[in-house]
Amino acid sequence: MLFDDVADASGRLVATRSRLAKRAVLVDVLRRAAAGGPEDVAIVSRYLGGELRQRRTGLGWRSLGGMPGPAVAPSLTVQAVDAAFAHMAGLAGPGSSTERLEAARALFAAATEREQRLLGGLVSGELRQGALDALLLDAVAQAAGVPADAVRRAAMLAGETEAVAVAALGADSPEDARATLDAFTLTVGRPVRPMLAQSAPDVATAVAELTARAGATAVPAAEVVVDTKLDGIRIQVHRDGDDVRVYTRSLDDVTARVPEIVAAVRALPARTLVLDGEALALDAEGRPRPFQETASRSATRDADLAASATLTPYFFDVLHVDGWDLLDAPLRERLAVLDQVAAPHVVERVVTSDATVASEHFRAVVAAGQEGVVVKATEAPYEAGRRGAAWVKVKPRHTLDLVVLAVERGSGRRSGRLSNIHLGARDSAGGFVMLGKTFKGMTDEMLAWQTERFRELEAADDGWTVTLRPEQVVEIAFDGLQRSTRYPGGFALRFARVLRYRDDKSAAEADTIDAVRELATP
DNA sequence: TTCCGACAGTGGGGTCGCAAT
DNA sequence: ATTGCGACCCCACTATCGGAA
């Protein structure tokens, strides 16, 4: 199959906003890929989902700058493109960067204009065609003549879409496809997509949301599980005898980097296991260390550095134990099993129907230095890959009134707007200390307003960033402070987002860097 | 007819490893 | 030795479509 066929499809996806029309485009190109055989389906399904088959190519957004102009006529096949990226991904050692760039230039030179757009999107990871994995799964279902749920479930259990697309589209009939899909089951050693949580502003809201959903039959005061939310990295651990594998949230295998987790799981009383949890670094008193330290420890491959801190695993769910799949069992049942098989490494929780008790647990765990809680429906199954309503996280929220120091131009649907704002706190000398940036929390109306407003405050414009007279106050919400070498105050806001612009306050009334410092040293 | 679940998009800070400078 | 880039860890929030109610 020609790569240009995929580029054409991608262009048609960009051209329509209708998801049904997008799905029709995807179905069409998937069917044509199927005619070319399983290898074409494998590559095309990846590309339509916005990914290369190679997890790391060494090429990124920055490398795309110096690419040559387009070819006039299409010539590349999807297999040739895949082979080119496989070659680039395999390069290492001195001279490899140069060689990789040369290979990329050759590839781009052979690509037409729309093919170049697709290549760029795949390399940068920003395809912007309004359709990624979820819509692709729907299209696979339609192309294979099977229910969308069957395809989705197979993909969640396989931990990937490519293999599922190949299986479904390689089938001779819808019945055959259905059977092939149903053969994707939870397998020890193959990670599933982790279940995700929605968020709520406070525990009472989270509890109310869960009981409202469970309360179709108006059961009064349904019980909920209130799990401690740890500020570490998500881990999914598979054990088959002495063979233990540790995967991250994106299903990356990090087993070699975390021997202490492997050892901890080997000591548990079960032969086969699939556990879902969090790993973090603790201090001498057993309190959690800052996330940055956990991140540092879990990212390093250097043995000496790794020895400087230990990760402790805590589990909050079990998907499999000794031949028994628990995905469809209610949480209540899974937790009973978890407590038996993972005893010293289970996340602290309370189970209650009393919102006050739930709130009290939240206060206690935050006081103990933890990130917050996740409130869960007791009867819900494990919904792999879904940000279901059955899990709702709650974290403390801080706010500050800061001054907008500068603003950057937006891109994509925000192009033409001033979008990403630079945030500063007052210092004692009458100046401002930058604490980070944010683009979050802005409605279209706010974007329109600030685009005009910041033009009024413009002091300089370098073509990307507009520097402002420091007059506009904005109320910012954030999760906490982290150490920073990038910003002059030594702090940066974590997960900053705009709540509202404050026209009732002048810059002289904004919060000070001293107030911020006090937050950092409780 | 209205409501709401799910998804894609728009980017944030920090950390590491690696190759180039 | 330092710098820049790529990859990946954590992530919040809004707009939109189309099925559910």
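Naming convention: chains lettered A, B, ... in sequence-line order (proteins, then strands); numbering from 1 in each chain.
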ask   = Would you say the side-chain atoms of A:Q370 and A:T228 include a donor-acceptor pair closer than 3.5 Å?
value = no
ask   = Closer than 4.0 Å, any side-chain N/O of A:R62 to the OP1 or OP2 of C:dC5?
value = yes
query = Under 4.0 angstrom, heavy atoms only, what part of the nucleic acid is A:K437 near: base, sugar-phosphate, or nothing?
reply = sugar-phosphate
message = What contact category does A:Q129 fall into here, base, sugar-phosphate, or nothing, at under 4.0 angstrom with non-hydrogen atoms?
response = sugar-phosphate
Rounded interatomic separation in angstrom, taking CD from A:E209 and C1' from B:dC4 = 12 Å
query = Are OP1 or OP2 of C:dC11 and a side-chain N or O of A:K229 less than 4.0 angstrom apart?
reply = yes
request  = Under the ring pair (Phe, Tyr, Trp, His ring centres under 6.0 Å) rule, collect the residues that match up with A:Y247, sequence neighbours excluded.
outcome  = A:H238
query = Any side-chain donor paired with an acceptor under 3.5 Å for A:R289 and A:S296?
reply = no
inquiry  = Measuring to OP1 and OP2 of C:dA7, would you say a side-chain N or O of A:T57 lies under 4.0 angstrom away?
reply    = yes
message = For A:R153, is there an ion pair with A:D328 - N to carboxylate O distance below 4.0 angstrom?
response = yes
message = Under 4.0 Å, counting only non-hydrogen atoms across every strand here, what does A:K22 touch: a base, just sugar-phosphate, or nothing?
response = nothing
message = Quick check on C:dC13: is either OP1 or OP2 less than 4.0 Å from any side-chain nitrogen or oxygen of A:R497?
response = yes
ask   = Between residues 245-255 of chain A and DNA chain B, which residues have a heavy-atom gap below 4.0 Å?
value = none
query = Taking any strand in view, what nucleotide pairs with B:dC7 in a Watson-Crick or G-U wobble way, both distances under 3.5 Å?
reply = none
message = Whether A:R387 contacts C:dC13 is assessed here as follows: a side-chain N or O lying under 4.0 Å from the phosphate OP1 or OP2. Is that the case?
response = no
task = Identify whether any heavy atom of A:T294 sits under 4.0 Å from a base atom; if not, whether one sits that close to sugar-phosphate; answer base, sugar-phosphate or nothing.
result = nothing
Result block: side-chain N/O donor-acceptor pairs under 3.5 angstrom for residues 87-98 of chain A, not counting sequence neighbours:
from  : atom 1 : to    : atom 2 : distance (Å)
A:S96 : OG     : A:G93 : O      : 2.6

ask   = Which residues pass the ring pair (Phe, Tyr, Trp, His ring centres under 6.0 Å) test with A:F362, sequence neighbours left out?
value = none
ask   = Looking just at side-chain N and O atoms, do A:R497 and A:T438 make a donor-acceptor pair shorter than 3.5 Å?
value = no
Earlier contact from the 5' end, DNA chain C, for A:S63 and A:D231 = A:S63
task = List for me each residue that meets ring pair (Phe, Tyr, Trp, His ring centres under 6.0 Å) alongside A:F478, sequence neighbours excluded, and say none if there are none.
result = A:H398
inquiry  = Could you tell me if A:Q472 and A:R453 have a donor-acceptor pair between their side chains, going purely by distance under 3.5 Å?
reply    = yes
inquiry  = If you compare every side-chain N and O of A:T485 against the phosphate oxygens of B:dG14 (OP1, OP2), does one of them come in below 4.0 Å?
reply    = no
message = Mind checking if A:A92 touches a base, just sugar-phosphate, or nothing, with heavy atoms under 4.0 Å?
response = sugar-phosphate
ask   = Does any residue of residues 94-106 of chain A have a heavy atom under 4.0 Å from DNA chain B, and if so, which ones, in number order?
value = A:P94, A:G95, A:S96, A:S97, A:T98
